[in-house]
K.L.:
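Can you keep this structure in mind? I'll have questions shortly.
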2 protein chains.
Amino acid sequence: MSRAEPSRSHGNGSPTDTRLSRATVQRFSLYLRHLQSLLREGAQTVSSTQLGDALGITDAQVRKDLAYLGNLGQPGIGYPARDLIAALRQRLGIDRTWATVIVGIGNLARALLHHRGFEQQGFRFVALFDADPAKIGQKVNHLEISPMDKMAQIVARRGAELGVVAVPAEAAQKVSDALVNAGIRGILNFAPTVLRLPPSVALVSVDLAVQLEQLAFLVHLNREDHGEP
Amino acid sequence: MSRAEPSRSHGNGSPTDTRLSRATVQRFSLYLRHLQSLLREGAQTVSSTQLGDALGITDAQVRKDLAYLGNLGQPGIGYPARDLIAALRQRLGIDRTWATVIVGIGNLARALLHHRGFEQQGFRFVALFDADPAKIGQKVNHLEISPMDKMAQIVARRGAELGVVAVPAEAAQKVSDALVNAGIRGILNFAPTVLRLPPSVALVSVDLAVQLEQLAFLVHLNREDHGEP
DNA sequence: GGATGTGAACGACTTCACAGCG
DNA sequence: CGCTGTGAAGTCGTTCACATCC
C-alpha cells in the first residue's frame with residue numbers, strides 16, 4: 001500500500017484560520033516582493049489588475065488570494081501597499097527572523113550566502129556545516145564552516161530553526177536526520193532525492209534536474225506542435 | 001484586464017497525443033531517476049506500489065501517470081524497468097542531447113556546471129556568458145566565459161537551444177530578450193523576477209526566495225497548530 | 001494472488017460574473 | 001465609474017474501487 005501525507009490539521013482555531021493552498025502561499029511571496037518594489041517607487045495604492053498584470057496572474061486570482069488577508073481592499077481604490085505588505089509578511093510568518101543553517105558548503109551554498117535578499121526578507125544564516133575535514137574552519141561570508149558532529153550543539157546554541165541541505169544525494173537522508181535530531185523544524189532540500197522526515201518537520205524540495213527536464217519537455221512539445229521533430 | 005497564458009495547442013495529432021499536466025511531467029522525472037537507480041541495482045521489473053512508496057506518491061497516481069506512456073505494465077507482474085526508462089526519456093524529450101548555455105557565471109552557475117548528472121541526463125553546457133569584463137576569458141570546467149555581445153554568434157554556432165539565466169533580477173529581462181533573439185527555445189530562470197517571453201519560448205522559473213518563504217510559512221503553521229506562537 | 005488500467009467520485013484550484021461600495 | 005469581495009461555475013488533478021488479466 002502507498003501512503004501519502006493527508007496534510008494533518010486539527011486546528012484549535014487561530015485568529016485567521018483559513019487554510020491556504022500551496023499555490024496561494026507561493027503567490028503571496030510574489031505579491032510581497034513586487035509590492036516592496038512598488039512601495040520603493042512611491043506607490044501608495046495598488047489594484048488587483050495592476051498586481052496581476054505585473055506577475056502574470058488574473059485579477060480575480062489576485063483578489064481571491066488577498067481576500068485571505070482580511071478586507072484590506074477599498075472598492076474603487078485598491079489596496080494600500082504598506083498594509084498589504086505588513087499583512088503578507090505576518091501571514092507568511094516572516095515578520096520575524098529565521099535563523100538558518102546550511103549543510104554542504106559547495107557552490108550552491110555560496111550562491112545562497114552571497115545573495116543579499118534572503119537576509120532582507122527575514123532569513124539569517126547562522127551556521128555552516130560540511131563533512132569535508134579540509135573545509136572545517138574556512139570562512140564564507142564571515143561564517144566559519146563547522147564539522148557535522150557539532151551540529152546539535154551549534155544549532156541549539158544559535159537557535160536555528162531552518163536547515164538547507166546542499167549535499168550529494170547519497171548523503172542527504174543522513175544529513176536530514178541529523179538536522180531533525182538537532183531540533184531543526186524545516187528543511188529546504190536541494191539534493192536530488194526524496195527525503196523521509198517526521199511530519200512535525202516541514203519540507204520543501206527544489207530539484208534542479210526535474211526543472212531542467214521540465215524545460216526540455218516543454219521545448220520538445222513546442223517542436224512537435226509546430227511540425228519539426 | 002489581466003492576461004494569463006491559456007496554453008495554446010491546436011495539435012495536429014502526434015503519435016502519443018495526450019496533454020500531460022505539469023505535475024505529471026515532474027513526476028516523470030522522478031520516476032526516471034529512481035528507475036535508473038533500481039536498474040543499476042539489477043531490478044528487472046517494478047510495480048506501481050514499489051515506485052510510489054519510494055517517491056511518496058500513491059500507487060494509483062503512479063499507474064495513472066505511467067498509463068500515458070502506453071500499456072507497458074503487465075498485470076500481476078509490474079512494469080519492465082528498461083522499457084519504462086526508454087519510454088520516459090522519449091516522452092520527456094531527453095532521448096537526445098540538449099545544448100545549453102548559462103548566462104551569469106556566479107556561484108549558482110558553477111554549482112550547475114560542477115554537478116555531474118545533468119550531462120548524464122542529456123544536457124550539455126556548451127557556452128557561458130557574463131557581463132563582467134573581468135570574467136571574460138576565464139575558464140570554468142573547460143568552458144571559457146564569453147562576453148554578452150558574442151551571444152547570438154556563439155549560440156548559433158554551437159546549436160544551443162536552452163539557456164539558464166543566473167543573473168541579478170535587474171538584468172534578467174534584458175538577458176532573456178538577448179537569449180530569445182539569439183534563437184534559444186527555452187529558458188530556466190533563477191532570477192527573482194517574472195519574465196516576459198514570446199509564447200514560442202518555453203519558460204521554467206526557480207525562485208529560491210519563494211521556496212524559502214514557503215518553508216518558513218509551513219513551519220510557522222506547524223507552530224500555530226501546536227499552541228506555541 | 002498480485003498487479004495493471006480506468007471510469008467515477010472527489011477534492012483543489014481558477015475563472016466568471018456580478019452585487020455592492022467608495 | 002472603478003475596483004473589491006465572493007458565490008457559482010468551470011477546470012484540473014488525485015484518489016477510489018473494481019473489472020481485468022497474468
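Chain letters run A, B, ... following the sequence lines, proteins first, then strands; residues in each count from 1. The model shown is predicted, which means the values in this text are computed figures rather than measured ones.
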K.L.:
Taking the side chain of Ser47(A) as its heavy atoms from C-beta onward, which of dT15(C), dC13(C), dT4(D) lies nearest to it?
P.N.:
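Closest of the options to the side chain of Ser47(A): dT4(D).
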
K.L.:
Heavy atoms only: give me the nearest Arg89(A)-Gln121(A) pair and the separation to one decimal.
P.N.:
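So the two residues come closest at NH1-OE1, 2.9 Å.
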
K.L.:
Could you tell me how far apart Asn71(B) (CG) and dA19(D) (P) are, to the nearest whole angstrom?
P.N.:
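That distance rounds to 19 Å.
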
K.L.:
Indicate whether OP1 or OP2 belonging to dA12(C) is found under 4.0 Å from a side-chain N or O atom of Arg19(A).
P.N.:
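For dA12(C), OP1/OP2 do not have a side-chain N/O of Arg19(A) under 4.0 Å.
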
K.L.:
Using whole Å, report how far CG of Asp59(B) lies from C1' of dG2(C).
P.N.:
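To the nearest whole Å, that distance equals 12 Å.
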
K.L.:
Rounding to a whole Å, what distance do you find between Asp65(B):CG and dA3(C):P?
P.N.:
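Computing the Asp65(B):CG to dA3(C):P distance gives 19 Å.
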
K.L.:
Mind listing the closest non-hydrogen atom pair of Ile102(B) and Ala109(B) along with its distance?
P.N.:
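Closest pair (atom of Ile102(B), atom of Ala109(B), distance): CG2-CB, 3.7 Å.
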
K.L.:
Nearest nucleotide by nearest heavy atom, which residue falls closer to the 5' end of DNA chain D, Ala67(A) or Ile77(A)?
P.N.:
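On the 5' side of the pair lies Ile77(A).
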
K.L.:
Just how far, in rounded Å, is C1' of dT4(C) from CD of Gln74(B)?
P.N.:
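Between C1' of dT4(C) and CD of Gln74(B): 10 Å.
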
K.L.:
What's the CG-C1' distance between Leu20(A) and dA12(C), to the nearest Å?
P.N.:
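Nearest whole value for this atom pair: 14 Å.
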
K.L.:
Considering only heavy atoms and no angle criterion, is a donor-acceptor pair shorter than 3.5 Å present between the side chain of Lys64(A) and the base of dT14(C)?
P.N.:
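Result: no qualifying N/O pair found.
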
K.L.:
Quick check on dA3(C): is either OP1 or OP2 less than 4.0 Å from any side-chain nitrogen or oxygen of Ser48(B)?
P.N.:
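No.
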
K.L.:
Arg63(B) side chain: which of dC13(C), dG13(D), dT6(C) is closest?
P.N.:
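For the Arg63(B) side chain, the nearest candidate turns out to be dT6(C).
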
K.L.:
Starting at CD of Gln26(A) and ending at P of dC13(C), how long is that distance when rounded to a whole Å?
P.N.:
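That distance rounds to 11 Å.
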
K.L.:
Given dG7(C), dA17(C), dG5(C), identify the nucleotide with an atom nearest to the side chain of Tyr79(B).
P.N.:
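Selected nucleotide (nearest to the side chain): dG5(C).
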
K.L.:
Salt bridge check, Arg196(B) against Asp177(B): does any charged N sit closer than 4.0 Å to a carboxylate O?
P.N.:
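Salt bridge flag = no for Arg196(B) with Asp177(B).
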
K.L.:
With a 4.0 Å cut-off on heavy atoms, is Gly76(B) in touch with a base, just the backbone sugar-phosphate, or nothing at all?
P.N.:
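Gly76(B): base contact, heavy atoms under 4.0 Å.
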
K.L.:
Testing Glu213(A), Gln211(A), Gln214(A) for side chain to side chain donor-acceptor pair (under 3.5 Å) with Ser29(B), which one passes?
P.N.:
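Option passing the side chain to side chain donor-acceptor pair (under 3.5 Å) with Ser29(B): Glu213(A).
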
K.L.:
Rounded to the nearest Å, what distance is computed from the CG atom of residue Leu51(A) to the C1' atom of nucleotide dT4(D)?
P.N.:
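After rounding, the reported distance stands at 13 Å.
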
K.L.:
For a quick test of reading the model, state the closest non-hydrogen atom pair linking Ala182(A) to Val155(A) and the distance between them.
P.N.:
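For Ala182(A) and Val155(A), the tightest heavy-atom pair comes out as O-CG1, 3.5 Å.
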
K.L.:
If I take atom CG in residue Leu72(B) and atom P in nucleotide dA3(C), what distance separates them, rounded to the nearest angstrom?
P.N.:
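Rounding to the nearest Å, CG of Leu72(B) and P of dA3(C) are 18 Å apart.
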
K.L.:
Assign each of Pro75(A) and Arg22(A) to its nearest nucleotide of DNA chain C by heavy atoms, then name whichever residue's nucleotide is nearer the 5' end.
P.N.:
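Looking at DNA chain C, the more 5' nearest nucleotide goes with Arg22(A).
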
K.L.:
Return the nearest nucleotide to the side chain of Ala23(A); candidates are dT15(D), dC13(C), dC21(C).
P.N.:
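In terms of side-chain proximity for Ala23(A), the closest of dT15(D), dC13(C), dC21(C) is dC13(C).
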
